[in-house]
There are 2 protein chains.
Amino acid sequence: MTQVKENSTRNYNKGISINNCPVTYVMNKIGGHWKPIIIHQLMSGPKRYSELRKAIPEITEKMLIQHLKQLQTDDLVNREARPVVPPVVTYSLSPLGTDLTPVLNAMVEWAFRAQQC
Amino acid sequence: MTQVKENSTRNYNKGISINNCPVTYVMNKIGGHWKPIIIHQLMSGPKRYSELRKAIPEITEKMLIQHLKQLQTDDLVNREARPVVPPVVTYSLSPLGTDLTPVLNAMVEWAFRAQQC
DNA sequence: ACAAGTACTTACCCTAAAGTATGTATCATG
DNA sequence: CATGATACATACTTTAGGGTAAGTACTTGT
């Protein structure tokens, strides 16, 4: 029975609220290797699961659905499943997810300015 | 002798350039648990090492200097050491680091909009 | 009857990032 | 002569995130 350390920063940061640090809050939502890439793909319009896989060839299926699920629970993407066979599942950005555009744009702008120095 | 898998996505993402994915490029610079918090602290002006420690009580010294070093090599913060005893070391945002302000502001704005929904 | 396509699921492994704990150099001061 | 203050360094451990590989359910086409 291995003890879980409740008061570690690791655990603390998980439940961090917007009031503690808004930037950390955002990082928890869109941080990591894959989430920004997935969001970026969906910014060019809704896509089926298989289309996302083709658009991001390096991602594994596990990572793809795992992050898509997380993005759903965070209300950044919507999932629409048509009950046909073979299944047709379409993912799209929610209004909240669409609102991320200025954030990602600011990042891209900074990235190019950083490159020039 | 354990083989290192050269062609893993893990390794691939490390050397990712701005041309592949600007957002991932930015994430590599300011992502993680602590970097945004440190940058945010320095946005209110230069601070000594000990001041940063007091301002971010949860961070360990190891994490603090480790990320300060990384931020230096990425040219986001400057380090100024006065050769006195006891030492006086002051950290401040570089011009490039200061340029991150719109990015962090966009994040904060989005965070508060997200909270209302 | 079996391969193919779709959208997942699950079990197991590996590593990088984060955390813990302790040590170092220098000098002023009591 | 030992303590305190500052700004680190370093060895070891833990954990969360990511990766690999294989399996599932359902139906259409051959």
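A, B, ... follow the sequence lines: proteins, then strands. Residue 1 opens every chain.
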- [ ] Let me know, please, whether A/Pro87 or A/Gly32 comes out on the 5' side of the other along DNA chain D by nearest nucleotide.
- [x] A/Gly32
Task: CG on A/Leu96 to CG on A/Leu71, rounded to 0.5 Å - done: 11.0 Å
Open item on the list: Donor-acceptor check, side chain of A/Ser94 to backbone of A/Leu76, threshold 3.5 angstrom: yes or no?
Closed with: yes
Task: Pairwise distance CD1(A/Ile37) to CD(A/Glu58) - rounded to 0.5 angstrom - done: 7.0 Å
Task: Polar side chain donor-acceptor pair, B/Tyr25 to A/Gln115, under 3.5 angstrom - done: no
Task: For atom CE of A/Met63 and atom C1' of C/dC13, their distance in whole Å - done: 13 Å
Open item on the list: Between B/Lys35 and B/Lys29 (side chain of the first, backbone of the second, donor and acceptor by atom type, cut-off under 3.5 Å), is there such a pair?
Closed with: yes
Task: Nearest listed nucleotide, side chain of B/Arg79, among D/dG18, D/dC8, C/dA7 - done: D/dC8
- [ ] Could you state the atom-to-atom distance from CG of B/Leu71 to P of D/dC8 in whole Å?
- [x] 14 Å
Task: A/Glu51 CD to C/dC8 P, straight-line distance once rounded to whole Å - done: 13 Å
Open item on the list: In this structure, how many angstroms lie between the C1' atom of D/dG19 and the CD1 atom of A/Ile56, rounded?
Closed with: 16 Å
Task: A/Arg48 side chain near C/dA7 phosphate (N/O to OP1/OP2, under 4.0 Å) - done: yes
Extract from the structure each pairing of a protein N or O with an N or O of nucleotides 27-29 of chain C at less than 3.5 Å, listing the distance.
none

Open item on the list: Between P on D/dT6 and NZ on B/Lys47, what's the gap in Å once rounded to a whole number?
Closed with: 16 Å
Task: Whole-Å distance separating the CD1 atom of B/Ile59 from the C1' atom of D/dC8 - done: 14 Å
Task: Any A/Trp34 side-chain heavy atom under 4.5 Å of A/Gln66 side chain - done: no
- [ ] For A/Val26 and B/Ala111, work out which heavy atoms get closest and say how close.
- [x] CG2-CB, 3.9 Å
- [ ] Would you please confirm or rule out a distance under 4.0 Å between OP1 or OP2 of D/dG17 and any side-chain N or O of A/His67?
- [x] no
Show which side-chain atoms of residues 77-91 of chain A pair as donor or acceptor with protein atoms under 3.5 Å away, not counting sequence neighbours.
none

Open item on the list: The side chain of A/His33 is closest to which nucleotide in this list: D/dG18, C/dA7, D/dC8?
Closed with: D/dG18
Open item on the list: With a cut-off of less than 4.0 Å, is there a side-chain N or O of B/Arg82 near OP1 or OP2 of D/dA7?
Closed with: no
Open item on the list: Measuring to OP1 and OP2 of D/dT20, would you say a side-chain N or O of A/Thr60 lies under 4.0 angstrom away?
Closed with: no
Atom pairs, N/O to N/O, protein against nucleotides 9-11 of chain C, distance under 3.5 Å?
unit_1 : atom_1 : unit_2  : atom_2 : d
C/dT9  : OP2    : A/Lys69 : NZ     : 2.7

Open item on the list: I need the CG-P distance between B/Asn28 and D/dG18, as an integer number of Å.
Closed with: 12 Å
Task: Nearest heavy atoms of B/Lys47 and B/Gln41, plus distance in Å - done: NZ-O, 3.1 Å
Open item on the list: I need the minimum non-hydrogen distance between A/Pro36 and B/Val23, along with the two atoms involved.
Closed with: CB-CG1, 3.4 Å
- [ ] Identify whether any heavy atom of B/Val88 sits under 4.0 Å from a base atom; if not, whether one sits that close to sugar-phosphate; answer base, sugar-phosphate or nothing.
- [x] sugar-phosphate
- [ ] Using atom CD of B/Glu58 as one end and atom P of C/dA18 as the other, report the distance to the nearest whole Å.
- [x] 15 Å
